[in-house]
Amino acid sequence: MGSTSAHKNEGLGRRDVIKRSAALGLISVPTMGFLSACASGDSSSDKKVEKGKVTKTNPLGVNETAPLEVVIFNGGFGEQYAIDAEKKYNAAFPKAPKVKHVVTQKIATQLQPRFNGGTPPDLIDNSGAEQMDMGVLVGKKQLLDLTPLMDAPSIDDPTKKVRDTLRPGVLEMGQFDGDPVWIMYYAYTVYGVWYSQTALDNLDAQYPENWDDMLALCAKAKKKGIAGWTYAGKYPYYLPFSLYPFIAKIGGREVLDKIDNLEPNAWKDPAVKAAFEAYYELYQKGYILKGTPGLTHIQSQTEWTKGKALFIPNGSWVENEAAPTTPKDFKMMVAPPSGLDASDKLPFGTIWASGGEPFVIPAKAKNPEGGMEQLRIMLSEESSKNFTKQVKSLSAFNGGTDGLTLSTAMQSGVDSLKKAGDNVVNPRMQDWYVKLQKEQIGIAGIGEMMAGRATPAETIKKIQAFADAAAKDQSIKHYKHQ
């Protein structure tokens, strides 16, 4: 994301008249310390397999007889896309055993003992609620530098390096401090406010481009017995998918940079205050679906697809994940967050889009070349198209949609990226500081505010304290936008 501009947040308009109610509650936050513990192990008697011969068809020097183990998170994208790519690996290296394919939703639980014992798999889809803390893994030097993969010739055009086939920002997301690339984000996720065009049509309404219009539409829906918003109440760190770009739109992307950098008083910026007060108004006016704070991501999505709420903050995996409950005439769409007022620093259309579904290769993997080759196969046009057709999401490969009939959700994502142009933001909090983002900012902070148990002012004070503590914590590695 990175920015060198430094606008002052003046004239915040209607945000100054938003009323706040005071109702402070407490939360019991489940510990996630075990998610970072996986990076503590260092002992291993297992050795890497011997590297194979480098050829035009084997540019990474894969050992043609060595086994390969891949662990896939079985979430919104499922596992079939990976299985299909593994079949291509098997065909390329017929002398090797069939790829060992493991699927799980318990990434940290299953892999922590293996990291500790020095026997991790060769390729990991590090995603889901039990995602291992990437900042910790990088800081503890537990991941392989993927630069050889980035510099390898691409499958489709050997004159192009893999790095030159990626969508904007994907490679940079995998870099934490300098040039090494630690993570390959395979999906390309559009985050924002998701809605049903059919539901808006039934209300004779258009997607609101400013907050006054958003509130007016929510009021109109409420009269029809429909809530304005719902969200994953048990996992309120979904709310930043629309809240963070909303903050950037109000105050400029440099506000998010300061937050990512853990700069003093970053959360006290007027743009944060304005955004929090706007979202809190949804609670105050009764525009949030009753019971939302107790819903999981799946439950909130189901209520949404049933037409009980107009809007939900989410990422582009939601189309595939919510498919079982989505009516055929739903016309799922995504839009950037509504603006606040005319004083916003960035135009309507500002959106969060970035790499998603992070793949990593452990530093102690036995067959790291095989893991990189599997990723190289996945970053081919054929595998990318297969991924898009199967899971209804863009991949990191810059293309792969030619000739495909896109759903309304995917097409709206493509259109949103086109409309955004250069106004695409990429907050790094969720991959630099997982515990801070999920447990503290998400659950203990924003989640309490949206449930009506804390005011915006109280929430900002609490989150700033969390951020200050993280900045002073010498046990974690700190990162900054370059």
- Query: What are the two closest heavy atoms between Pro337 and Thr350, and how far apart are they?
  - Reply: CD-O, 3.4 Å
- With Phe246, the ring-ring contact (aromatic ring centres under 6.0 Å, His included) member among Trp211, Tyr191, Phe241: Trp211
- Does Arg428 make a cation-pi contact with Phe176, if we ask for NZ or CZ under 6.0 Å from the ring centre and within 45° of the axis? yes
- Task: Report the distance from atom OG1 of Thr388 to atom CE of Met410, rounding to the nearest 0.5 Å.
- Result: 5.0 Å
- Message: So, using side chain to side chain contact (heavy atoms under 4.5 Å, CB included) as the criterion, who are the partners of Asp213 when residues are at least two apart?
- Response: Pro208, Asn210
- Message: Please report the interatomic distance CD(Gln131) to CG(Asn126), rounded to the nearest 0.5 Å.
- Response: 5.0 Å
- Do the charged groups of Lys273 and Glu277 touch, with an N to O distance under 4.0 Å? yes
- Flag side-chain contact, heavy atom, 4.5 Å: Arg167 against Phe397: no
- Message: How long is the straight-line distance from CD1 of Ile446 back to CG of Leu239, given to the nearest 0.5 Å?
- Response: 6.5 Å
- Message: Quiz question: by atom type and distance under 3.5 Å, do the side chains of Asp260 and His481 form a donor-acceptor pair?
- Response: yes
- Between Lys385 and Glu381, does at least one N-O distance fall below 4.0 Å, as a salt bridge requires? yes
- Task: Scan side-chain atoms only and decide if Asp415 and Gln411 contain a donor-acceptor pair under the 3.5 Å cut-off.
- Result: yes
- Message: Check this for me: does any side-chain nitrogen of one of Glu319 and Lys392 sit under 4.0 Å from a carboxylate oxygen of the other?
- Response: no
- Item | Passing candidate, side-chain hydrogen bond (donor to acceptor under 3.5 Å, both in side chains) with Gln301, options Asn314, Thr296, Thr230, Thr326 | Asn314
- Any ion pair linking Asp151 and Arg163 (charged N to carboxylate O, less than 4.0 Å)? yes
- Task: Can you see which heavy atom on Met450 is nearest to which on Tyr283, and at what distance?
- Result: O-CD1, 3.7 Å
- Task: Would you mind reporting whether Met184 and Val170 have side-chain heavy atoms less than 4.5 Å apart?
- Result: yes
- Do you see a donor-acceptor pair shorter than 3.5 Å between the side chains of Asp145 and Thr147? yes
